[in-house]
Protein chains: 2
Amino acid sequence: MKRSGKRKTIYDLSALSGCSPSTVSAVLNGSWRKRRISEKTATLVLKLADSQQYTANRQARGLRRSRSGLVGLLLPLYDNRYFSSLAQTFEAMVRARGECPIVASASRDPRAERETAESLIAYSVDELFICGATDPDGVHEICEKAGLRHVNVDLPGTRAPSVISDNYDGACRLTEAVIRHCAATEPLRPEELYIFGGRDDHASRERLRGFRAVKRTLLGADPDVCIQPTGYSANNTRLAFEAFFAREGRLPRAIIINSTINLEGFLRFMAGFPDAAFKDLVVGCYDYDPFASFLPFPVIMIRQNVEAMLARAFEIIADPAAAAQIHLVAPELVPPRTALAGPLDALKDMPPRPAGRTTDATVAHPA
Amino acid sequence: MKRSGKRKTIYDLSALSGCSPSTVSAVLNGSWRKRRISEKTATLVLKLADSQQYTANRQARGLRRSRSGLVGLLLPLYDNRYFSSLAQTFEAMVRARGECPIVASASRDPRAERETAESLIAYSVDELFICGATDPDGVHEICEKAGLRHVNVDLPGTRAPSVISDNYDGACRLTEAVIRHCAATEPLRPEELYIFGGRDDHASRERLRGFRAVKRTLLGADPDVCIQPTGYSANNTRLAFEAFFAREGRLPRAIIINSTINLEGFLRFMAGFPDAAFKDLVVGCYDYDPFASFLPFPVIMIRQNVEAMLARAFEIIADPAAAAQIHLVAPELVPPRTALAGPLDALKDMPPRPAGRTTDATVAHPA
DNA sequence: GGGGCTTGCACAATCGATGGTGCAACTATT
DNA sequence: AATAGTTGCACCATCGATTGTGCAAGCCCC
């Protein structure tokens, strides 16, 4: 209120304390013992810094040291539970290391990915986690040119180490689980099991590969017509289901869906029918979403092990000798109607007030 | 590959082009006409910058200009669809203005909020959107001291302009909708309608106020026992439902739930029972989640108008004369089984490949 | 009491980009 | 041809923090 002035600098503290700026700097960044600053001076400066609410200008420090203390996460998007839990977990891990997480999204667009990476580099991030990038190698090239340590997560590149889910294994287990779930009623025929969603990215390819392999093994055939790639778009997925329904007058008995984004497309289709229309449907879906797990038909989900993947990625990025190889992390099969704990459970919540009259509104509401 | 060297600077370009660093700088930052640099020199430098892959060091520029081009969003958390869509929308809006979004989360902890704000200030963010902060005024003080423009979103403060949802109005509409939905079967009695979740924050208070007002008006009474605040914790919510069930041997006929996080707590409770146990339940819930909207019982949701709130917040933060007042934005009542479009629908997806054999895996899978 | 060692700090260059100012070399004018 | 005005650019201080180096004062010892 009183002092709306600018931020304090080491020069202000220097003037106030009577020491030189370099002494102040040394005290504040902890190198003062090494520089043989006396305990007395240090205490004085620290007290002053505290009373003046000093905070170091990170841009200046970053400029001088050519590192910023920022750790970047490049994401395709925020708005689904897989990526939002990834961001949440990443944030916690970076903070635990005493650094500052910076998250940016690039919309699954190779060009935006490169530009965002350049932008992060422009801010001198110290490390970059490239997650779900459509063109990891393009981003790699930019990072390498800038001498920036980086690692791919979720989608692999060929030029940098990559930590990804074992999508093939996940696909096998998911497909098998769906088939078995259906078989409890009546054996599933090959043409009754479809896969919707997916694109030409590595994850989709691996998932498709597992799908086909298991179908062939367990059901004896694997007709191409059961493959319906619709990209990562909810609306395209809805259109695909509508087209299917218009053609066949019904849905397949069992559907594997390539991501929760596509499953949202299915919701859009669902909205046109009562729940009863789906009572015999069995769905398998990549990526776990707690609410999706409780839809009115069985939804078997594959949860990627976000904590393990990130933990591995942190190890790798710390290792200067890490090779450009792929590290697989096993995903988890989640049965229908399962509410898993998530990263939010680690946050402590305040104790709730005892119930009672708490109608003390602070804003008068326009009647 | 070849040149793993460091990043190029204006001094490199200066040497290569034969012009002075300041000329290079002027050309690259666009101020060259004002500085009467010839078209010829400009083209030369620009071509050079392009061929050398020059990108400006934002820290240096930020240091000199004392602004960074960063726009900060302080969030309590990422991992639910309300906040993740907020982050997604924020990101798009900031990018549309040609600036760089930086998102950080503070776990709904007042202390972490202040530290995160200080950290963002240390990186010289130009503007800060304080979203869902438990202690907006504490953050305000820090911002003000640093001369940083800021605005509260989602939870109001008293010292800075705030854009929030009209939670009272939302609560009234939601409560009424739930009551009417139940009444279609058989009139609801006051003690059959509960509210779970919520804390002592402004949003919870307003929601509770609306809940009580409507209950009193439509149902004639509003017993305190129907108020079950459980904070913003899934597990506490689960415990509350378990305790209720242990006591009463059933659930209330109708439940209003203060946030999707609490609804996740309800899922944890649900997992112990078959869907049939919930066939007569009616739920109203704050914040919209597409999958939650399709749970096997009617879920009426309130969707906060994230785009409108952020748009308003951007207007306000651009207005130097903005007063510390509250701006209410109407939320939207979402009927059960509704799949709304979200911010992801704005992203373009690549056209899907035609269906076919796409088993060209690039990773050999450990058999 | 003088040489040598330690203590405690100040000085100044530096990181990369910016922008105010100064000044040659031209061109136009009378 | 001398003056005035324009064009085109270079010089240099600056933003705030870091860090290699230098140096005075104090202390020890013979």
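Convention: sequence-line order gives letters A, B, ...; per-chain numbering from 1. Note that the structure is predicted; figures quoted are calculated from it, not measured.
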**Message:** Please verify the inter-ring angle class for B:H140 with B:H150; under 30° counts as parallel, over 60° as perpendicular, anything in between as tilted.
**Reply:** tilted
**Request:** Encode nucleotides 7-13 of chain D as B, S and - characters from 5' to 3', where the letter depends on protein heavy atoms closer than 4.0 Å: B to the base, S only to sugar-phosphate, - to neither.
**Result:** BBBBB-B
**Asked** OP1, OP2 of D:dG16 versus side-chain N and O of A:Y54: anything below 4.0 Å?
**Response** no
**Message:** Mind checking if B:S25 touches a base, just sugar-phosphate, or nothing, with heavy atoms under 4.0 Å?
**Reply:** base
**Message:** Nearest whole Å is fine: how far is C:dT14 P from B:L63 CG?
**Reply:** 17 Å
**Request:** Tell me which residues in residues 27-34 of chain B put a heavy atom below 4.0 Å from DNA chain D, sorted by number, or none.
**Result:** none
**Request:** Tell me what A:A26 touches on the nucleic acid: a base, only sugar-phosphate, or nothing, going by heavy atoms under 4.0 Å.
**Result:** nothing
**A:R7 CZ - D:dG16 P separation (whole Å)** = 9 Å
**Asked** Whole Å only: how far is the CG atom of B:D12 from the P atom of C:dG16?
**Response** 8 Å
**Pair A:E115 + A:R111, salt bridge at N-O below 4.0 Å** = yes
**Request:** Could you tell me whether B:F129 and B:F314 have their ring centroids closer than 6.0 angstrom?
**Result:** yes
**Message:** From the set D:dC15, C:dA17, D:dT18, return the single nucleotide nearest to any side-chain atom of B:T9.
**Reply:** C:dA17
**Fill in**
Between NZ of B:K8 and P of C:dA17 the distance, given in whole Å, is 12 Å
**Message:** One thing to verify: whether A:E39 and A:R33 come together as a salt bridge, which I'm taking to mean a side-chain N less than 4.0 angstrom from a carboxylate O.
**Reply:** yes
**Message:** Between B:E91 and B:R95, does the salt bridge (Lys or Arg N to Asp or Glu O under 4.0 Å) criterion hold? Intermediate values first, please.
**Reply:** CA-CA 6 Å; B:E91 165 112 17; B:R95 283 196 190 284; 2.8 Å; yes
**Message:** Distance check needed: D:dA17 P versus A:R67 CZ, whole Å only.
**Reply:** 18 Å
**Message:** My understanding is that only residues two or more places apart in sequence, or in another chain, count here; which of them pass salt bridge (Lys or Arg N to Asp or Glu O under 4.0 Å) with B:R149?
**Reply:** B:E127
**Message:** Nearest whole Å is fine: how far is D:dC15 C1' from B:I10 CD1?
**Reply:** 14 Å
**Asked** Quick one: CZ on A:R61 to OG on A:S25, what's the gap to the nearest 0.5 Å?
**Response** 8.0 Å
**Prompt:** Under 4.0 Å between a Lys/Arg side-chain N and an Asp/Glu carboxylate O for B:R67 and B:D126?
**Reply:** yes
**Item:** Euclidean distance, atom CG of residue A:L13 to atom C1' of D:dA17 [Å, nearest integer]
**Value:** 12 Å
**Prompt:** A:V151 and A:P161: which non-hydrogen atoms are nearest, and at how many Å?
**Reply:** CG2-O, 3.4 Å
**Request:** Please report, rounded to the nearest Å, how far the P atom of D:dG20 is from the CZ atom of A:R65.
**Result:** 12 Å
